[in-house]
Amino acid sequence: MITGKNYMFSKTQKHDRHSEKGAALAVAMIILAILSVVALTALAFSSTEARIAGSDLQRTQTFYAGTAAMEKMTNDFSNIFRKKIYPLPADLNAVAANPPPALIAEGFSFNQTLVEDAAKLAELRAIQGLPADIYPRVNIPSGPYAGLYASVIPYKMNSITTQGWSGTEVELEREFNNYLVPLFQFGMYSTEDLEFAPGPFMTFTGRIHSNKNIYALRNIKFLNRLTMGGEFIRNAKPSGVSNTSSGSNNVFVEVNNINVRSVQGSMQPGGGTIGGPNIVGSTPGDRGYFPGSPDGVPNPNWESISVQPATGADDRFGGQVLTH
């Protein structure tokens, strides 16, 4: 007789196994949905960041284009005074209507104005109790003309710059004062070279300015500031001869009641030259371009030493002698 085990499956067990069919597919679809949401979110963030970066680049480009236009207006305004003392409204309009052509070619457009700042001018006149036809008078606080009195005219320039392909717009405004300095405040003012080589020792009390060079050769003491568009020459005469005459070491500048001896100027001998204002190889508009004048090389110590506070040491002028 053969006996065997009987295996029985309940209906309940059969039903549970049947109910698990399709669960893996549902889980896969849920995971796929989650991954899709993550991917779409990442794509949205990436697109937003790209748009932000693009907008920032466009604003930066437009800002710098506007800055360039403002600087050109400022430079063109300064150039007016090469021809006249007081700019007319037509002159100001011509400056404002002439933005950088290279930027226009790049697709930028400009809407610019340059006018006298009427509100600021009225405010200054009211402070000083002046009538409407008189410009305010101020004492210049800093710079090469510090200490001089000048008539002040406030101006305002405005530039709206638009980037053509994106429509990005930037508006910049600059307020500045123009100072008109009467020449009678100078003891000596020249558009040409000035040469100081007196026989007996001489003391000069007034302020001195040259649009070119100052040759301080011998026997002189300056009690006020010296400014020049060119160089301060000590080692050469305008004729091209070396400055070795008697008394050539007797050149002084008084700075805050301190007597400072001048030994070197802003130029010095070098390479066979004698220390004049002309730098060999310089071109028009550059420092040291004075063809026909004695040749020289820049004094490498001038820029740092000449502005140091006066202590009695040679050539420490505290900014009392300002070149180029």
Exercise for the section: Decide yes or no for M267 and N235: does some side-chain heavy atom of the first lie under 4.5 Å from some side-chain heavy atom of the second? Expected result: no

Problem - Joint cluster assignment, V115 & L88, ILVMFWY side-chain distance < 4.5 Å - result: no

Handout entry: Side chains of R125 and P136 in contact at under 4.5 Å (non-hydrogen atoms)
Key = yes

Practice task
Output the distance between atom CG (L226) and atom OG (S262), rounded to the nearest 0.5 Å.
Solution key: 9.5 Å

Practice task
Would you indicate whether the side-chain heavy atoms of N178 and F81 approach each other to under 4.5 Å?
Solution key: yes

Handout entry: Test side chain to side chain contact (heavy atoms under 4.5 Å, CB included) applied to I220 and N250, step by step
Key = CA-CA 6 Å; I220 191 165; N250 293 332; over 6 Å; no

Practice task
Step through the shown structure and confirm whether more than 12 heavy atoms of other residues, nucleotides or ligands are within 6.0 Å of CD1 on I127.
Solution key: yes

Problem - Straight-line distance of E175 CD to K156 NZ, nearest 0.5 Å - result: 5.0 Å

Handout entry: Residues that F186 engages under ring pair (Phe, Tyr, Trp, His ring centres under 6.0 Å), provided they are two or more places apart
Key = Y189

Exercise for the section: Report the distance from atom CG of D193 to atom CG of N213, rounding to the nearest 0.5 Å. Expected result: 4.5 Å

Handout entry: Backbone N/O of T168 and side chain of S166: donor-acceptor pair under 3.5 Å
Key = yes

Practice task
Check for a donor-acceptor pair, side chain of Q185 on one end and backbone N or O of Y149 on the other, with a separation under 3.5 Å.
Solution key: yes

Problem - Residue pairs, two or more places apart or on separate chains, that pass side chain to side chain donor-acceptor pair (under 3.5 Å) and touch residues 299-313 - result: Q264-N299, W302-T323, E303-H324, Q308-R316

Handout entry: Stepwise side chain to side chain contact (heavy atoms under 4.5 Å, CB included) check, L121 with Y135
Key = CA-CA 8 Å; L121 187 56; Y135 285 106; 3.8 Å; yes

Practice task
Decide whether M228 and F204 are clustered together by the hydrophobic rule: side chain heavy atoms of Ile, Leu, Val, Met, Phe, Trp, Tyr closer than 4.5 Å, transitively.
Solution key: yes

Problem - Non-hydrogen side-chain atoms of Y179 and V138 separated by less than 4.5 Å - result: yes

Would you list the atom pairs, donor with acceptor, under 3.5 Å between side chains in residues 102-112 and any protein atom, with sequence neighbours excluded?
{"unit_1": "Q112", "atom_1": "OE1", "unit_2": "S159", "atom_2": "OG", "d": "3.1"}
{"unit_1": "Q112", "atom_1": "NE2", "unit_2": "A96", "atom_2": "O", "d": "2.8"}

Practice task
Could you tell me which residues satisfy ring pair (Phe, Tyr, Trp, His ring centres under 6.0 Å) with F196, sequence neighbours excluded, listed by chain and number?
Solution key: F222

Handout entry: Connected via hydrophobic side-chain network under 4.5 Å: F232 and Y145
Key = no

Handout entry: Sequence neighbours excluded, every pair satisfying salt bridge (charged side-chain N to carboxylate O under 4.0 Å, His left out) that has a member inside residues 255-267
Key = R261-D314

Exercise for the section: Could you tell me whether a side-chain N or O of T273 sits under 3.5 Å from a main-chain N or O of P269, the two making a donor and an acceptor? Expected result: no

Handout entry: Sequence neighbours excluded, every pair satisfying salt bridge (charged side-chain N to carboxylate O under 4.0 Å, His left out) that has a member inside residues 76-91
Key = K72-D76, K84-D91

Completion exercise
Rounding to 0.5 Å, atoms CE (M157) and CE (M73) come to a distance of 5.0 Å

Problem - Non-hydrogen side-chain atoms of M188 and L194 separated by less than 4.5 Å - result: yes

Problem - Closest non-hydrogen atom pair between I233 and G275, with its separation - result: CG2-O, 3.6 Å

Exercise for the section: Scan for salt bridge (charged side-chain N to carboxylate O under 4.0 Å, His left out) pairs involving residues 203-216, sequence neighbours excluded, and state none if there are none. Expected result: E192-K212

Practice task
Give the minimum heavy-atom separation between G66 and T161, together with the two atoms involved.
Solution key: CA-OG1, 3.2 Å

Exercise for the section: Look only at the side chain of R218 and the backbone of V251, and say whether a donor-acceptor pair between them is shorter than 3.5 Å. Expected result: no

Problem - Side-chain ion pair, R174 and E71, N-O less than 4.0 Å - result: yes

Handout entry: Side chain proximity check, K237 to L217, heavy atoms < 4.5 angstrom
Key = yes

Practice task
Could you tell me whether the side chain of Y215 reaches within less than 4.5 Å of the side chain of P294, counting heavy atoms only?
Solution key: yes

Handout entry: same_hphob_cluster(M70, V170) at 4.5 Å side-chain heavy-atom cutoff
Key = yes

Fill in the blank from the handout: P291 meets the side chain to side chain contact (heavy atoms under 4.5 Å, CB included) criterion, sequence neighbours left out, with N278, Y289

Handout entry: Nearest heavy-atom neighbours spanning A150 and P182
Key = CA-CD, 4.2 Å

Problem - Partners passing ring pair (Phe, Tyr, Trp, His ring centres under 6.0 Å) against Y155 (at least two apart in sequence or in another chain) - result: F77, F176

Completion exercise
Distance col, row I160:CD1 vs E173:CD, nearest 0.5 angstrom, shows 10.0 Å

Practice task
Please check if L223 and V321 belong to a single hydrophobic cluster, counting links between Ile, Leu, Val, Met, Phe, Trp and Tyr side chain heavy atoms closer than 4.5 Å.
Solution key: no

Practice task
Report the residues that fulfil side-chain hydrogen bond (donor to acceptor under 3.5 Å, both in side chains) with N177, sequence neighbours left out, ordered by chain and then residue number.
Solution key: none

Practice task
Please name the pair of heavy atoms, one in I258 and one in A310, separated by the smallest distance, quoted to 0.1 Å.
Solution key: CD1-O, 3.3 Å

Practice task
Ignoring hydrogens and angles, tell me if any N or O in the side chain of T62 forms a donor-acceptor pair with the backbone of Q58 under 3.5 Å.
Solution key: yes

Practice task
Indicate yes or no: at least one non-hydrogen side-chain atom of L124 is less than 4.5 angstrom from one of V152.
Solution key: yes

Problem - Heavy-atom donor-acceptor pair, S282 side chain to G288 backbone, under 3.5 Å - result: yes

Problem - Counterpart residues, salt bridge (charged side-chain N to carboxylate O under 4.0 Å, His left out), relative to K221 (two or more places apart) - result: E254

Handout entry: CG on L114 to CG on N93, rounded to 0.5 Å
Key = 8.0 Å

Exercise for the section: Identify the two heavy atoms, one from F63 and one from L172, that lie closest to each other, and give their separation to 0.1 Å. Expected result: CE1-CD2, 3.8 Å

Exercise for the section: Could you list all the salt bridge (charged side-chain N to carboxylate O under 4.0 Å, His left out) pairs where at least one residue sits in residues 268-290, not counting sequence neighbours? Expected result: E231-R287

Handout entry: Polar side-chain atom of D295 near backbone of I279 as donor-acceptor pair, under 3.5 Å
Key = no

Exercise for the section: Step by step, work out the side chain to side chain contact (heavy atoms under 4.5 Å, CB included) result for R234 and V263. Expected result: CA-CA 7 Å; R234 293 282 293 110; V263 175; 5.9 Å; no

